[in-house]
Amino acid sequence: MSPLFTIAAKDTKIMVRDRAALLVMLAMPLGLIFILGSALGNIGEGDSLDTKVAIVNLDEGDTGARFVEGLTSSEDIDAVFNISVREDAEAVRTEVERGDLTAALIVPADLTEKVLADEPVALEVLQDPGSQMSAGIWAGVVRAGVANASAQIIAAHTLQETFAGGAAQGAPSGTVGSPPSAQQIPELAFDAVTVREVEVEIEKQVSMISYYAAAMSGMFLLFGGMFGAFSFVRERREQTLARMMSTPSGKVTIVGGKALGVLLIGALQFIVLYLGTRLLFQVDWGTNVLGVVLVGFAETIAAAGLAMTLAALGRSERAIGGIAPAFIMLFAALGGSMIPAEQLPEWLLPAQVLSPVYWTVDAFLDLMRGATLAAVAPNIAAVLAIGLVLFWFGVWRLRYE
Amino acid sequence: MGTIVEVRGLVKRFGELAAVDDVSFAIEQGEIFGLLGPNGAGKTTTISMVSCLIDPTAGSITVDGNEVATAPGAVKSTLGVVPQEIALYPTLSAQENLAFWGQMYGLSGGALKSAVAEALELAGLADRAKERVEKYSGGMKRRINIAAGILHKPKVLLMDEPTVGIDPQSRNHILETVKQLNAAGMTVLYTSHYMEEVEYLCDRIAIMDHGKIIASGTLNELRDVVGGMDVVDVKVTEVTDCVLDRVREIEGVKQADRTDGAIQVLTPSSGSVLGKLVATLESEGAHVTSITVTEPNLESVFLHLTGKSLRD
Ligand SMILES: Nc1ncnc2c1ncn2[C@@H]1O[C@H](COP(=O)(O)OP(=O)(O)O)[C@@H](O)[C@H]1O
Ligand SMILES: [Mg+2]
């Protein structure tokens, strides 16, 4: 075995026997995930009465405007829905996908034209038919609006419902080749208007416990860096570092071995956190296991970098024990480990990019919602970049005696 | 038998302080070479330069034909190092510690296993090999600290105060171990501030003080520095400067110095001095509790050369 691995294996063995370290590296995050995750239910879940919906009127004529007016001026509707009239159909679609809006209505650009020409035309209701009850109510409201708008209601009026299954992105917004069902009655102009409910694939909601599994893992993986720094200064103080340097191995091998030890310990820690949260708390890390592993690994590299920086800055374990938690808490606060990153004050947001925890937690959450590896690749790159900067700074300033 | 370690004009400065100040010595293959000196003399600094841990300010060191400055890798593989501190991992067992250090010297597989077993045997701790080092007594730790330095059967073993702070039994065990290793062909550089150890073990000795070597040679050569004189150790209740001055005035007293709780007197003829010595001390109010007359030892040599005790 190369001295590099000999040193890393030795550090791992020592770490596994260190009860205090195990407490901080494993018991604390698991405990916090459990407490925070089970105390607070689900993020973004829960149907309030004040359901948020949006209307985008793209109609170039005035039919759309009148229709929208009809919906927004009704007090009954207003009591249940919080309606916003918007311009950007794509932005609204994204918000529905994210779950920020419960449902939306898109009025097509050619509504007036088609109505006058008595051709079939569809109003589009974006919603998640599976999970959100209020979304279904909204579709009903729109349908009723269409029905009211008709001068004469035909009893046999059938609503056509088209399901563009799984069309999350780039869903069609123009006409759809659906044959008009109740049609060709010239006087009943609005009868040709159908309501087409478009199933929007709403991003998977991340449960609170899953959120904290991501947040605490992203944060506590960095504590491997603190213990790595402890190990380095302890070896410096107890002269085992000097003894290693009196063996044929050079400084590069010794420092490399110490860093590799932090990686190995971080990998073991992450395996325990990943499996622990899955088995104990049924956390759903998503199906992209490779992505989760790579993000976790990148964060342990950041931890190894942090170990070097801390070992360079702190002369003693005591000093490092003082600065390391401060460093990590700051990274974690910026990264959304305490409260969701979006809820931080505006002026703090630019500093987020400096926090490896931010990129890691963001990537974990995306992967839980079903993101691809490509989607989180920038996060991985950012974490690695921060880790390398910390590593080089540390090695540059490291003292061996 | 040629020279295996050669140190020439070695200097190490820490700022103003010359911790090692123009030190030269040569160690012959197969001998035990002693570096004797009080705390702060510069022994550890010298050993650290030989083992490539710190760079000399000036001078050169050759180990088995390799220059420390240009071929540290080759020098390090030739050397075994037993540091002054117990440089072991407390939460690992003795066996795990030894296996680690063996691997760091490139041992693996069966060779590692047998080297570890042999070293444990030598340390007399084979039966407690699986216990964590933190549970060991100071003496046992010292023995493992030594064992960790000899796993790869180095040609030259550097031992820096390997018996500091341990019980007499462990100390004897260690001294016997050093003899045993040397008998098996290992060259040893042994530093200590205990003159008995150096007297007992070493073929040749260099006495170091304030970064300089103030005397060197075999034990007999060093004794000659004191020149056929007797050493009289007088234990008294109280030693004042005034008493010391009065003793120095006695005829036949070459030198008188304070050691712990005693006065050490050098004299060519102890017989003629003893009576006057006791009378002088009693008249000064210093109560004599014991008197011993011995051959000069390294302590007296050091006292003679520096005017102070090794243990100060
Ligand atoms: N790294 C260092 N920086 C400054 N002074 C040092 C350093 N190492 C040793 N010294 C000083 O050098 C002198 C010799 O120390 P050392 O070699 O440890 O002596 P010894 O081993 O003989 O007790 C002492 O005065 C010590 O304080
Ligand atoms: Mg010393």
Side-chain angles (χ1 to χ4, degrees), chain A residues 1-25 227-262 264-265 268 316-317 398-401, chain B residues 14 44-45 47-55 63 66 68 71-93 95-109 112 132-134 141 144-146 148-149 151-152 154 156-158 160:
Chain A
M1 207 160 42
S2 138
L4 206 67
F5 292 101
T6 303
I7 295 170
K10 178 262 302 170
D11 278 357
T12 307
K13 203 183 272 179
I14 290 173
M15 187 70 154
V16 169
R17 290 181 189 176
D18 184 342
R19 289 217 192 106
L22 293 185
L23 200 71
V24 173
M25 300 274 284
F227 288 105
F230 281 169
S231 165
F232 192 90
V233 296
R234 196 179 304 133
E235 294 221 42
R236 190 165 60 196
R237 175 166 50 76
E238 292 179 352
Q239 302 288 313
T240 44
L241 182 63
R243 188 170 211 164
M244 278 198 270
M245 289 200 293
S246 72
T247 70
S249 298
K251 269 183 193 173
V252 175
T253 307
I254 292 165
V255 169
K258 297 295 291 175
L260 191 64
V262 178
L264 206 58
I265 290 161
L268 291 176
S316 63
E317 283 149 283
L398 214 49
R399 285 184 311 267
Y400 296 86
E401 288 158 31
Chain B
F14 296 112
T44 298
T45 308
I47 281 205
S48 298
M49 287 187 280
V50 176
S51 54
C52 318
L53 285 181
I54 58 178
D55 294 327
V63 177
N66 295 301
V68 160
V75 170
K76 284 173 173 181
S77 337
T78 311
L79 295 176
V81 181
V82 178
Q84 183 172 352
E85 307 292 327
I86 292 166
L88 299 171
Y89 300 100
T91 56
L92 298 186
S93 70
Q95 192 166 33
E96 288 166 331
N97 267 289
L98 294 178
F100 172 73
W101 293 110
Q103 282 172 297
M104 289 302 286
Y105 278 101
L107 297 178
S108 64
L112 177 66
R132 290 187 186 191
V133 163
E134 66 189 352
K141 285 180 191 169
I144 296 297
N145 200 37
I146 293 169
L151 290 157
H152 60 297
V156 180
L157 183 62
L158 309 180
D160 195 2

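Throughout, protein chains are lettered first and strands after them, A, B, ... in sequence-line order, and every chain is numbered starting at 1. For clarity, every value in this text was computed on a predicted model and none was experimentally measured.
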Task: Salt bridge flag under 4.0 Å for residues A:R17 and B:E134 - done: no

If you compare all heavy atoms of [X] against all heavy atoms of [Y], which two are closest, and at what distance to 0.1 Å?
X: A:P248; Y: B:S77; result: CG-OG, 3.9 Å
X: B:L88; Y: A:T240; result: N-CG2, 3.5 Å
X: B:M104; Y: A:T6; result: SD-CG2, 4.3 Å

Open item on the list: Is any side-chain heavy atom of B:I54 closer than 4.5 Å to one of A:Y400?
Closed with: no

When rounded to the nearest 0.5 angstrom, what is the spacing between [atom1] in [X] and [atom2] in [Y]?
X: B:F100; Y: A:D11; atom1: CZ; atom2: CG; answer: 7.5 Å
X: B:Q103; Y: A:T247; atom1: CD; atom2: OG1; answer: 11.5 Å
X: B:Q84; Y: A:Q239; atom1: CD; atom2: CD; answer: 8.5 Å

TODO: Can you tell which part of A:L241 gets under 4.5 Å to a heavy atom of chain B, answering side chain, backbone, both or neither?
DONE: neither

Identify which part of [X] has an atom lying under 4.5 Å from any heavy atom of chain A, answering side chain, backbone, both or neither.
X: B:I86; value: backbone
X: B:P72; value: neither
X: B:A148; value: both

Open item on the list: Has B:K76 got a side-chain atom pairing as donor or acceptor with A:M245's backbone, closer than 3.5 angstrom?
Closed with: yes

Open item on the list: What verdict does the side-chain contact (heavy atoms from CB on, under 4.5 Å) test give for B:N145 and A:R243, after you've listed the backbone C-alpha separation in whole Å, the side-chain angles of each residue and the deciding distance to 0.1 Å?
Closed with: CA-CA 11 Å; B:N145 200 37; A:R243 188 170 211 164; 2.7 Å; yes

Task: Among the listed options A:R234, A:K13, A:K10, the residue most often paired with chain B at heavy-atom distances under 4.5 Å - done: A:K10

Open item on the list: Checking side-chain polar atoms at under 3.5 Å, does B:Y89 have a donor or acceptor matched by the opposite partner on A:E235?
Closed with: yes

Open item on the list: Taking every non-hydrogen pair under 4.5 Å, which of B:R132, B:H152, B:E96, B:E85 racks up the most with chain A?
Closed with: B:E96

Task: Over 12 foreign heavy atoms within 6.0 Å of CZ, A:R399 - done: yes

